[in-house]
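Below: the structure, in structure tokens.
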Amino acid sequence: MSSTPELHAPAPSLLDLVPVVPVVVIDDLDHAVPVAEALVRGGLPVIELTLRTPVALQAIARVAAEVPDIRIGAGTVTTAAQADQAWAAGAQFLVSPGATPTLLDAMEQTGLPFLPGVATVSEALTAVERGHTDLKFFPAEAAGGAAYLSSIGGPLPDVRFCPTGGITPESAPRYLALPNVGCVGGSWITPRSALTEGRWDVVASLAGGAAALTGRA
Ligand SMILES: O=C(O)C(=O)C[C@H](O)[C@H](O)COP(=O)(O)O
């Protein structure tokens, strides 16, 4: 019997999907699908929908069901229960602003890829001890910015980050130029005013600008 070797390409890291992961706050459930569609149109087929509003889980479920072209994740996962709820709603990845052992347990148990949040070298080492080398650096600008990440790249050569928090289209290239940064996160792509006014064209245009960002300033 001849056998064709199957190709098992490793799933790309969450850090290598897009240069900027849009961090989105949804107040009105009806905004979820048009926002996601606008991001896809603009060239950013990834959305981190934060669990900060009462409709967030429903919004994740809706996007997962109705916008197949986007990779939908849950952000602001701060409790074990939220990790489970996000998984059940259809989230395809999880992002947390920090990481406790309980939270790491819960996120691991979902089987989803996730980015645990860290702000210090010790926190990063704690995550690495558990096998997690793709991390969120939060709050990026306040915790030391690109200079901080550059400094810790020597002692932590195997760790890569998605810095998030206070990053702008102007500062993003400084981060993206670092070898230990795969992407950045930011909320500037989906301003609240654009959502409340239904300006999906604005979201698509901001997504287009973010999708074109690189480490070359
Ligand atoms: O909600 C979370 O899980 C967070 O960790 C916070 C967000 O990532 C930042 O609020 C986004 O930062 P901005 O682009 O400065 O708005």
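In each ligand, atom 1 is the first atom listed, and ligand 1 is the first ligand listed.
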For ligand 1, which atoms have a heavy atom of [X] less than 4.0 angstrom away?
| X | answer |
| --- | --- |
| Gly165 | 12 (O), 15 (O) |
| Arg52 | 1 (O), 2 (C), 6 (C), 7 (C), 9 (C), 10 (O) |
| Gly186 | 14 (O) |
| Ser187 | 13 (P), 14 (O), 16 (O) |
| Lys136 | 2 (C), 3 (O), 4 (C), 5 (O), 7 (C), 8 (O) |
| Gly166 | 13 (P), 15 (O) |

Does the pair Arg160/Asp16 count as a salt bridge with the N-to-O cut at 4.0 Å?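 Asp16 and Arg160: salt-bridged.
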Which pairs, with at least one residue in residues 56-79 and sequence neighbours excluded, count as a salt bridge (Lys or Arg N to Asp or Glu O under 4.0 Å)?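 For residues 56-79, and leaving out neighbouring residues, the salt bridge (Lys or Arg N to Asp or Glu O under 4.0 Å) pairs sorted by first residue read Asp30-Arg62.
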For ligand 1, which is the ligand I care about here, please tell me if Ser96 has any N or O atom under 3.5 Å from one of the ligand's N or O atoms.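 There is no such contact.
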Check this for me - ligand 1, Trp188, N or O atoms closer than 3.5 angstrom, yes or no?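 It does not: no N or O of Trp188 is found under 3.5 Å from an N or O of ligand 1.
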Ligand 1 contact by Glu141, heavy-atom criterion under 4.0 angstrom: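 In this structure, Glu141 fails to qualify as a contact of ligand 1 - no heavy atom is under 4.0 Å.
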So for Val95, does at least one of its heavy atoms come nearer than 4.0 angstrom to any atom of ligand 1?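 It does not, in that no heavy atom of Val95 comes within the 4.0 Å cut-off of ligand 1.
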Results of salt bridge (charged side-chain N to carboxylate O under 4.0 Å, His left out) for Glu108 - residues two or more places apart only: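 Counting only residues at least two positions away or on another chain, Glu108 forms a salt bridge (charged side-chain N to carboxylate O under 4.0 Å, His left out) with Arg130.
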Heavy atoms only: give me the nearest [X]-[Y] pair and the separation to one decimal.
| X | Y | value |
| --- | --- | --- |
| Glu48 | Thr76 | OE2-N, 4.3 Å |
| Ile26 | Ala59 | CG2-CB, 4.2 Å |
| Leu39 | Ile70 | CB-CD1, 4.1 Å |

Phe138 reachable from Val128 in the ILVMFWY side-chain graph, under 4.5 Å edges: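 Shared cluster, no.
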With a heavy-atom distance limit of 4.0 Å, tell me whether Thr76 approaches ligand 1 through its side chain, its backbone, both, or neither.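 Under 4.0 Å from ligand 1, Thr76 contributes backbone and side-chain atoms.
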Side-chain donor or acceptor of Ser96 paired with backbone N/O of Gly117 under 3.5 Å: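 Answer holds: yes.
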So which heavy atom in the protein is nearest atom 11 (C) of ligand 1, and how far is it from that ligand atom?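 Sorting protein heavy atoms by distance from atom 11 (C) of ligand 1 puts Thr164 CG2, 3.7 Å first.
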